> 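Supplied in structure tokens, the structure appears directly below.
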Amino acid sequence: YNAALGPYKGGLRFASNVNLSIIKFLGFEQTFKDALTCLPIGGAKGGSDFSPIGRSDGEVMRFCQAFMTEFHRHIGQDIDCPAGDVGVGGREVGYLYGQYRRIVGAAEFGAMSGKAVCTGGSILRPEATGFGAVYYLREVLKHDGKEVKGIRVAMSGYGNVGWGIMKKAAELGAKVTYFAGPDGYIHDPDGVTGEKLDYILEMRAKDPMHCKPYADKFGCEFVAGEKCWGVKDVDVYMPAAMQNDVKMESAEKIAASGVKYYIEVANMPTTNDALYFMMDQPGMIVAPSKAVNAGGVAVSGLEMSQNAERLAWTAEEVDAKLRHIMVNIHKASMEAAEECGLGYNLVAGANIAGFKKVADAMMAQGIV
Ligand code: 2IT
């Protein structure tokens with residue numbers, strides 16, 4: 001999409017519903033998200049309608065190799081550095097990068113991020129999006145004079161990103177008390193903590209389409225076929241599953257619930273009408289995904305830095321940088337909106353701050 005700020009950068013999505021339209025919106029959003037991180041990365045996105053769900057390791061490897069046999073000529077550490085998105089995790093990135101290395105005949109680590117630590121990946125990359133989202137939430141709450149501790153969260157999704165939110169929330173004394181999957185939602189008033197976090201990984205590996213086994217194992221409520229949008233006994237909603245997850249009907253329930261914070265996490269989880277409706281609700285605070293989920297690509301950028309200097313940073317170093325980036329994104333968004341007389345409008349602020357950064361870099365480089 002845009003390389004004014006650095007090599008094209010964004011995830012590959014492997015899911016059966018992938019089409020050009022989805023990749024276009026993801027690439028467009030990615031450009032401004034990557035700008036918000038203030039790292040030297042441009043914007044890109046890619047993918048395929050191949051879904052790894054239900055495939056053997058061998059099938060996934062062969063697909064990744066075939067994909068990279070064509071794709072390798074378009075990427076490179078200074079050209080375009082893809083990573084994962086939905087359906088592309090450590091396993092897929094490993095197979096993709098292995099084939100890239102085999103074809104180019106060089107250990108060009110920076111050509112892909114999201115690699116396993118043993119092949120030049122960054123510590124904390126898998127958790128980065130979820131951790132970053134909670135760091136961002138902390139800034140929103142701080143702005144309101146509140147703490148993360150004791151906050152209850154309802155969310156959708158318990159993939160990589162959702163899991164990272166659950167883990168960081170538990171670490172900081174908050175609780176994810178509701179989470180929704182493709183088959184319905186779970187209500188666990190004690191929150192997802194400790195061994196429950198490990199169980200989610202196990203459950204997902206066995207069958208990513210059902211979260212009901214969690215309710216069976218831990219004896220909590222499961223509501224089949226429903227989403228948890230509209231529940232009242234939480235402080236924050238965090239949609240962390242897929243685009244267009246929250247439509248007008250859900251937005252009305254969310255507004256009626258009286259819950260104040262709507263923090264998007266998945267890329268564009270809210271339809272436009274639903275988003276504007278919630279932004280118009282007096283007292284409601286809405287944060288946009290391009291800011292909230294930027295921690296993932298930020299740690300991808302940090303992975304590129306580590307690869308370039310042929311060093312591996314500690315978890316503490318990566319986490320400190322991630323925290324700093326998320327604090328900065330919230331601050332830059334807040335200030336950009338204030339400068340335009342829009343008040344505490346995080347949606348407009350993120351768009352303005354991200355757009356300005358890309359536009360300034362493009363204008364500085366002339367008409368090329
Ligand atoms: O949506 C996203 O920001 C990602 N899928 C991560 C992209 C990246 O390059 O790490």
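All values reported here derive from a predicted model rather than from experimental measurement. Counting starts at 1 for both ligands and their atoms, in listed order.
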> Charged N to carboxylate O below 4.0 Å: is that the case for K260 and D235?
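Answer for the salt bridge query: no.
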
> Should you measure from each heavy atom of K33, which atoms of ligand 1 turn up under 4.0 Å away?
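Atoms satisfying the 4.0 Å criterion: 1 (O), 2 (C), 3 (O).
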
> Report the part of K45 (side chain from C-beta onward, or backbone N, CA, C, O) that has a heavy atom under 4.0 Å from ligand 1; answer both or neither where that applies.
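For K45, only side-chain atoms sit under 4.0 Å from ligand 1.
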
> For the residue pair K321 and W313, would you count it as a cation-pi contact if the rule is NZ or CZ under 6.0 angstrom from the ring centre and within 45 degrees of the ring axis?
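Yes, K321 lies over the aromatic ring of W313.
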
> Looking at ligand 1, does any of its N/O atoms fall within less than 3.5 Å of an N/O of A83?
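Between A83 and ligand 1 (N or O atoms, distance only) the closest approach is not under 3.5 Å.
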
> Nearest heavy atom to atom 5 (N) of ligand 1: which of L12, V161, D85, T37 does it belong to?
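Closest candidate by heavy-atom distance is D85.
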
> Provide the number and element of each atom of ligand 1 under 4.0 Å from a heavy atom of N267.
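Those qualifying, in numeric order: 1 (O).
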
> For atom 7 (C) of ligand 1, what's the nearest protein heavy-atom neighbour? Residue, atom name and distance, please.
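Of the protein heavy atoms, G11 N, 3.5 Å lies nearest.
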
> Check each heavy atom of R125 against ligand 1 and say whether those closer than 4.0 Å belong to the side chain, the backbone, both or neither.
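The answer is the side chain of R125.
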
> When you compare ligand 1 with N293, is there at least one nitrogen or oxygen pair between them that comes in under 3.5 angstrom?
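No; the residue has no nitrogen or oxygen that sits under 3.5 Å from a nitrogen or oxygen of the ligand.
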
> Strictly below 4.0 Å, N to O, side chains only: are E303 and K115 in salt-bridge contact?
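Counted as a salt bridge, because a side-chain N and a carboxylate O are separated by less than 4.0 Å.
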
> Pick from Y95, Y100, F63: which one makes a side-chain contact (heavy atoms from CB on, under 4.5 Å) with M68?
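Of Y95, Y100, F63, side-chain contact (heavy atoms from CB on, under 4.5 Å) with M68 is met by Y100 alone.
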
> Could E59 and R62 be called an ion pair, given the rule that one side-chain N must be under 4.0 Å from one carboxylate O?
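Answer for the salt bridge query: no.
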
> Any idea which part of T129 is under 4.0 Å from ligand 1, heavy-atom wise: side chain, backbone, both or neither?
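For T129, no heavy atom sits under 4.0 Å from ligand 1.
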
> One thing to verify: whether K227 and D245 come together as a salt bridge, which I'm taking to mean a side-chain N less than 4.0 angstrom from a carboxylate O.
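Yes, D245 and K227 are salt-bridged.
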
> When only distance counts, is Q30 in polar contact with ligand 1, meaning an N/O pair under 3.5 Å?
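N/O-N/O distance under 3.5 Å: yes.
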
> If hydrogens are left out, which of A298, G10, S300 has an atom nearest to atom 10 (O) of ligand 1, that is, the closest non-hydrogen atom?
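Selected option, by shortest heavy-atom distance: S300.
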
> Between D80 and K9, does any NZ, NE, NH1 or NH2 come within less than 4.0 Å of an OD or OE carboxylate oxygen?
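No, no charged N to carboxylate O under 4.0 Å.
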
> If you have a sec, work out which protein heavy atom is nearest atom 9 (O) of ligand 1 and how many Å separate them, to one decimal?
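So the nearest neighbour among protein heavy atoms is K9 NZ, 2.7 Å.
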
> Taking only heavy atoms of G84 into account, list the atoms of ligand 1 that are under 4.0 Å away from them.
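Those atoms are 4 (C), 5 (N), 6 (C).
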
> Within 45° of the six-membered ring axis of Y1 and under 6.0 Å from that ring's centre, is NZ or CZ of K45 located there?
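No, K45 and Y1 do not form such a contact.
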
> Under the ring pair (Phe, Tyr, Trp, His ring centres under 6.0 Å) test, which residues partner F32, sequence neighbours left out?
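Only F28 meet the ring pair (Phe, Tyr, Trp, His ring centres under 6.0 Å) criterion with F32.
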
